[in-house]
Amino acid sequence: MTTMESLIGLVNRIQRACTVLGDYGGGTGDDAFNSLWEALPTVAVVGGQSSGKSSVLESIVGRDFLPRGSGIVTRRPLVLQLHKTEEGTEEYAEFLHLPKKQFTDFAMVRKEIQDETDRITGKSKQISPVPIHLSIFSPNVVNLTLVDLPGLTKVAVEGQPETIVEDIESMVRTYVDKPNCIILAISPANQDIATSDAIKLAKEVDPTGERTFGVLTKLDLMDKGTNALDVLEGRSYRLQHPWVGIVNRSQADINRNADMMLARRKEREYFDTSPDYGHLASKMGSEYLAKLLSKHLESVIRSRIPSILSLINKSIEELERELDRMGRPVSVDAGAQLYTILEMCRAFDKVFKEHLDGGRPGGDRIYGVFDNQLPAALKKLPFDRHLSLQSVKRIVSEADGYQPHLIAPEQGYRRLIEGALGYFRGPAEASVDAVHFVLKELVRKSIAETQELKRFPSLQVELAAAANTSLEKFREESKKSVIRLVEMESAYLTAEFFRKLPQEMERPVVTNSKNQTASPSPAAADQYGDGHFRRIASNVSAYVSMVSDTLRNTIPKACVYCQVRQAKLALLNYFYSQISKREGKELGLLLDEDPALMGRRLECAQRLELYKKARDEIDAVAWVR
């Protein structure tokens, strides 16, 4: 294989790999691969309907494989990649959408093109920009990538949208506008070149003609006594590259499926024996066209090598960074797997502690529980109802039993205080639950933010379950602690608080001058009236307020000690105890990666291998003359 064939074949292989790995042209491909595709030269076949585009392509390939008919036959772009193989090898074709199926019957290739077109467009005359990718491997071709585009038209026929003319031209322009696109402008010789749709479009997008190759078809169908020498010799319309004449197969040859190799020989004989074109015979025909395009591609590729290498090197760096971020494949050794799991646990624990300690957001929500939620809950407790005049009278009377209290109703006080303190259980338990909710949320966020864990969904689930089990245990301990704080306040009242209160005086005895008992004054009569019970309610309220202030400070301490502190110290202890009991196979299940991530890593590795191989091959053949 010559240097030229090696270089063009390499570009062809890169384009094919870009197609397979980057899904180029389907709208969902990788940007880097699409950029590499567009950096490589491609030949776009442009022409009006029935200009002979299909015959030119089949002549270059040497196979009859394209659908035929009247009107718009090519309704989706066909990206045709030709791969030259060793002499004597069997010819076959592959479609991108059927990657594991090889076609050796080219009649089936034609049917598959038609079926795949109908799959997107339906059996109508609609068009679609979604390309069909076809690769042909044959010893009878040159390494080329050609894009067969729908034929340009001037009017919409029945069954087509009114915008079909603009739609086709817009689709064609998306290819020929690219500076690396070589335009193969097909024009029939039996029509005036001035009316050629292909030449008109090529002149607009390539005014200098550097990218345009003119092909004149149907030379054998011109009127007797006429020829196309003015065009072929550049007098009618000059291009920078020479015009090439093609003689298509006759309709009779097509109908009887005449051998394409025989058609090539007949084409050579036509030019060799033609009185009009005999002097140009060496530069006419489909075989010469293929070689001309191949030679031009070599020069274009050589001029693009620096930019292609730059793009490849940049892509290699990006892919290596992405592989480092995703992580390399996990070892099958149990010890290495356990080490990997512990390393990821440490990474998770670091992220979790950063959330608690302020390096990442979230820990402040725990302070919000203590500074906002707990005080608000304490203020909403129904002490006003519990210490209402009617309630105080009832509770004090029930506490006195059959014998009313003599001075201060101590049992009534105790019952009122114990009843009031019982209300503190609700806010205390709610604070524990609120802290627990925040910690669970921080575990979820920390797992999601730990890059090392993203690869292993099974490990994420196990880690979250184990962490939540630990948090549940911490919550139970915290609830016991805060309830114990409330119960301690009920179990032993601070007597000193009541001793400092003004003491109620003993009921006075009033006598007159005859030593007879007189009626008490109104003030004395109120000693066991409403004022008396209001003072009791006021005293109890003051004591409860003091306890509330105490609990407002001690409940957060208990929550932090039992939940937050323990989460920082022992969140993963339960997980470690469970993981130590697992065998190698069970460890492997934990490191069962997300299939999408495994696919992405494999895809990146394949692309990286392609880029490196392409770089090495370009370096090996690019400058060899």
Side-chain angles (χ1 to χ4, degrees), residues 25 42-61 64-80 110 113-114 116-118 120-134 145-177 181-206 211-219 221 231 243-249 251 254 286 289:
T42 305
V43 180
V45 185
V46 181
Q49 289 182 20
S50 302
S51 61
K53 289 192 298 90
S54 296
S55 293
V56 171
L57 285 172
E58 288 180 335
S59 295
I60 291 174
V61 175
D64 187 354
F65 68 98
L66 292 173
R68 292 181 179 275
S70 60
I72 297 182
V73 178
T74 305
R75 291 181 284 126
R76 290 175 58 184
L78 175 66
V79 180
L80 176 62
R110 181 190 304 111
I113 292 173
Q114 188 64 58
E116 178 63 13
T117 298
D118 292 343
I120 297 295
T121 65
K123 293 183 179 295
S124 65
K125 296 180 180 179
Q126 304 290 327
I127 64 169
S128 169
V130 180
I132 298 172
H133 293 272
L134 172 64
T145 295
L146 303 126
V147 183
D148 185 22
L149 296 165
L152 299 165
T153 185
K154 292 183 171 63
V155 292
V157 298
E158 186 177 352
Q160 294 176 340
E162 292 297 323
T163 59
I164 189 70
V165 177
E166 292 79 9
D167 292 344
I168 292 177
E169 182 173 335
S170 176
M171 185 194 302
V172 172
R173 283 182 181 273
T174 61
Y175 287 87
V176 299
D177 277 342
C181 178
I182 298 167
I183 305 167
L184 197 61
I186 311 293
S187 303
N190 56 356
Q191 293 180 15
D192 189 351
I193 195 65
T195 63
S196 170
D197 297 317
I199 292 298
K200 176 177 177 293
L201 181 61
K203 188 175 181 180
E204 291 177 9
V205 300
D206 180 32
R211 300 189 285 119
T212 303
F213 283 79
V215 177
L216 212 56
T217 62
K218 304 183 180 181
L219 289 170
L221 300 181
V231 177
W243 282 83
V244 178
I246 298 288
V247 174
N248 302 328
R249 286 186 301 164
Q251 189 60 48
I254 294 172
S286 55
L289 175 62

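All values below come from the heavy atoms of this structure, side chains included, with hydrogens, waters and symmetry mates left out. What you see is a predicted model, and the numbers here were worked out from it, not measured in a lab.
- Considering all non-hydrogen atoms of both residues, Pro150 and Val172 come closest at O-CG2, 4.0 Å.
- With sequence neighbours excluded, no residue satisfies side chain to side chain donor-acceptor pair (under 3.5 Å) with Ser59.
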### Trace of the side-chain contact (heavy atoms from CB on, under 4.5 Å) decision for Leu289 with Leu184
CA-CA 10 Å; Leu289 175 62; Leu184 197 61; 3.9 Å; yes

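- The side-chain contact (heavy atoms from CB on, under 4.5 Å) check on Thr217 picks up Val56, Ile186, Pro188, Val215, Ile246, Asn248, with sequence neighbours excluded.
- Between Ile127 atom CD1 and Ile120 atom CD1 the span is 13.5 Å, to the nearest 0.5 Å.
- Contact check for Val61 versus Leu66: no side-chain heavy atoms found under the 4.5 Å cut-off.
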### Query
Can you check side-chain contact (heavy atoms from CB on, under 4.5 Å) on Phe65 and Leu134, steps first, answer last?
CA-CA 11 Å; Phe65 68 98; Leu134 172 64; 3.9 Å; yes

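- For the side chain to side chain donor-acceptor pair (under 3.5 Å) test, no residue two or more places apart in sequence or in another chain qualifies with Lys203.
- Checked by atom type and distance alone, the side chain of Arg76 pairs as donor or acceptor with a backbone atom of Pro131 at under 3.5 Å.
- Contact between Leu219 and Ala189 at its shortest, heavy atoms only, is CD2-CB, 3.6 Å.
- Not counting sequence neighbours, the partners of Ser196 by the side-chain contact (heavy atoms from CB on, under 4.5 Å) test are Ser187, Ile193, Ala198, Ile199.
- Atoms CG and CD1, from Leu201 and Ile183 in turn, are 7.0 Å apart once rounded to the nearest 0.5 Å.
- Every residue two or more places apart in sequence or in another chain that forms a side chain to side chain donor-acceptor pair (under 3.5 Å) with Arg75 is listed here: Asp118, Thr121.
- Asp197 has its side chain out of reach of Gln49: every pair of non-hydrogen atoms, C-beta onward, lies at least 4.5 Å apart.
- The CD atom of Gln191 sits 8.5 Å away from the OG atom of Ser51 when rounded to the nearest 0.5 Å.
- Residues Val244 and Phe213 form no side-chain contact, since every pair of their non-hydrogen atoms from C-beta on lies 4.5 Å or further apart.
- Evaluation of the salt bridge (Lys or Arg N to Asp or Glu O under 4.0 Å) test over residues 45-56, restricted to residues two or more places apart or in two chains, returns Lys53-Asp148.
- If you take NE2 on His133 and CG on Leu80, they are separated by 11.5 Å, rounding to the nearest 0.5 Å.
- Within the 4.5 Å cutoff, no side-chain heavy atoms of Ile113 are placed close to those of Arg110.
- Of all the heavy atoms in Pro77 and Tyr175, the pair that sits closest is CB-OH, 3.6 Å.
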Which pairs of donor and acceptor atoms, one on a side chain in residues 161-169, lie under 3.5 Å apart (sequence neighbours left out)?
{"unit_1": "Thr163", "atom_1": "OG1", "unit_2": "Asp167", "atom_2": "OD2", "d": "2.9"}
{"unit_1": "Glu169", "atom_1": "OE2", "unit_2": "Arg173", "atom_2": "NE", "d": "3.1"}
{"unit_1": "Glu169", "atom_1": "OE2", "unit_2": "Arg173", "atom_2": "NH2", "d": "3.0"}

